[in-house]
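Values below: every heavy atom of this structure, side chains too, minus hydrogens, waters and symmetry copies. Lettering follows sequence order; numbering is per chain, from 1.
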2 protein chains.
Amino acid sequence: MSSILTKEATQAWIQLHRAHRLLLARVEETLKTNNLPPLVWYDVLFELSQVKEDGLRQYEIGEKILLYKHNLSRLLDRLEKKHFVKRYTSAEDARGNRIIITSAGIKLMNQIWPIYRDSIRENFAGKLSVNEFSELNKFLCSILE
Amino acid sequence: MSSILTKEATQAWIQLHRAHRLLLARVEETLKTNNLPPLVWYDVLFELSQVKEDGLRQYEIGEKILLYKHNLSRLLDRLEKKHFVKRYTSAEDARGNRIIITSAGIKLMNQIWPIYRDSIRENFAGKLSVNEFSELNKFLCSILE
DNA sequence: AAAATATAGTTGCAATTGCATATACAATCC
DNA sequence: GGATTGTATATGCAATTGCAACTATATTTT
């Protein structure tokens with residue numbers, strides 16, 4: 001609760017948010033200029049692509065990508081309207097539905113990834129060594145615990 | 001341009017964004033339950049409080065907190081309507097204006113900070129040692145270069 | 001110095017997000 | 001097993017954000 005707030009922690013806090021904002025803005029800009037949808041579409045499609053054919057529940061996607069459930073619900077509306085995902089009801093729990101990615105969704109993912117990847121390369125991957133990224137990742141994981 | 005995208009860099013990329021989203025969500029939630037405005041209000045007021053009495057230009061604030069100019073313009077509308085900041089025209093450059101923080105703005109900042117600080121303490125400051133935060137900060141600064 | 005270009009900020013409108021509440025089903029309690 | 005509480009998702013509405021175009025002034029070019 002009342003751990004000390006050092007100068008170092010404060011500085012890291014500020015830089016963390018600056019880094020995120022700047023990097024995200026650059027990726028979004030690149031996607032936009034390539035006529036691709038916002039990054040969060042990719043995030044959802046990616047999570048869906050990682051699982052077997054019976055897909056994911058909305059709340060499972062929400063936990064992975066950290067989005068309010070009502071916003072996810074409407075994001076899925078948009079994705080479904082464009083046929084990138086499909087909702088279907090499963091007997092398992094009739095309150096909700098399961099979401100699966102369609103082949104069009106996979107195709108879109110494959111369109112987005114090379115652009116996204118280049119943006120990560122250009123803005124991020126060259127800035128630190130492998131060991132430094134490994135350290136950075138370790139720190140961030142500790143923070144998320 | 002085409003630096004290699006290692007597993008380590010990719011992992012760090014993902015964790016960076018997860019960490020940001022989670023931490024920001026927690027801070028915003030805490031602010032809200034304390035009937036305080038969103039964090040970006042604090043960001044603006046803080047930047048204004050760091051400078052002398054003649055304030056900042058909009059584009060200067062924008063550079064610091066990384067916000068589109070049109071969104072900043074309207075954020076300042078809201079802040080000005082509540083008398084937390086004031087716009088005034090300076091002879092220096094008649095295209096724009098300068099923004100200063102009011103005493104009410106300073107008061108609001110001082111209300112937000114203890115809550116914000118507690119949230120940083122609780123969700124962030126205890127997770128790493130001083131040296132680790134220092135390293136983390138160093139890495140993040142390298143990324144921002 | 002007039003014309004062309006760039007910069008600072010604003011505004012209308014559409015899309016998205018946040019907030020509160022609603023609906024529908026599940027799980028638990030008595 | 002009926003009532004209560006909890007969970008999963010959806011929806012109406014207001015606030016915010018993103019996008020494109022616009023106004024006004026500065027700067028640069030010729």
Quick one, B:E47 with B:E60, criterion side chain to side chain contact (heavy atoms under 4.5 Å, CB included). Give me CA distance, side-chain angles, the key distance, then yes/no. CA-CA 9 Å; B:E47 295 301 340; B:E60 292 174 315; over 6 Å; no
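Mapping B:Y68 and B:E92 onto DNA chain D via the closest heavy atom, the residue that lands nearer the 5' end is B:Y68. Sequence order on DNA chain C of the closest nucleotides to B:R57 and B:D77 puts B:R57 first from the 5' end. Each of B:K69 and B:R74 lies near DNA chain C, and the nucleotide nearest B:K69 is the one positioned closer to the 5' end. Between A:Y59 and A:K32, the residue whose closest nucleotide on DNA chain D is further toward the 5' end is A:Y59.
A salt bridge does not link A:D93 to A:R98: none of the charged nitrogens lies less than 4.0 Å from a carboxylate oxygen.
Dashed line: the shortest gap from a side-chain N or O of B:Q58 to OP1 or OP2 of C:dT10 is under 4.0 Å. Residue A:S73 has a polar side-chain atom (N or O) positioned under 4.0 Å from OP1 or OP2 of D:dA10. Between B:R78 and D:dT17, a side-chain N or O to OP1/OP2 separation shorter than 4.0 Å is present. Residue B:N97 places at least one side-chain N or O under 4.0 Å from the OP1 or OP2 atom of C:dT10. Under 4.0 angstrom from either OP1 or OP2 of C:dT16 there lies no side-chain N or O belonging to A:N71.
Taking atom CG on A:L67 and atom C1' on D:dT9, their separation rounds to 14 Å, with Å as the unit. When the C1' atom of D:dT9 is taken as reference, atom CZ of A:R87 falls 9 Å away, rounded to whole Å. In this entry the distance linking CG of B:L75 with C1' of C:dG9 reads 14 Å, nearest Å. Rounding to whole angstrom units, NE2 of residue B:H70 and P of C:dA14 are separated by 15 Å.
With B:T30 contributing its side chain and B:R26 its backbone, the two residues share a donor-acceptor pair below 3.5 Å. In this structure, B:Y88 contributes its side chain and B:D54 its backbone to a donor-acceptor pair below 3.5 Å.
No hydrogens or angles were tested; on distance alone, nothing pairs the side chain of A:R95 with the base of D:dT9 as donor and acceptor under 3.5 Å.
In this structure, A:M109 is not a member of the same hydrophobic cluster as A:I100, with clusters built from ILVMFWY side-chain heavy atoms closer than 4.5 Å.
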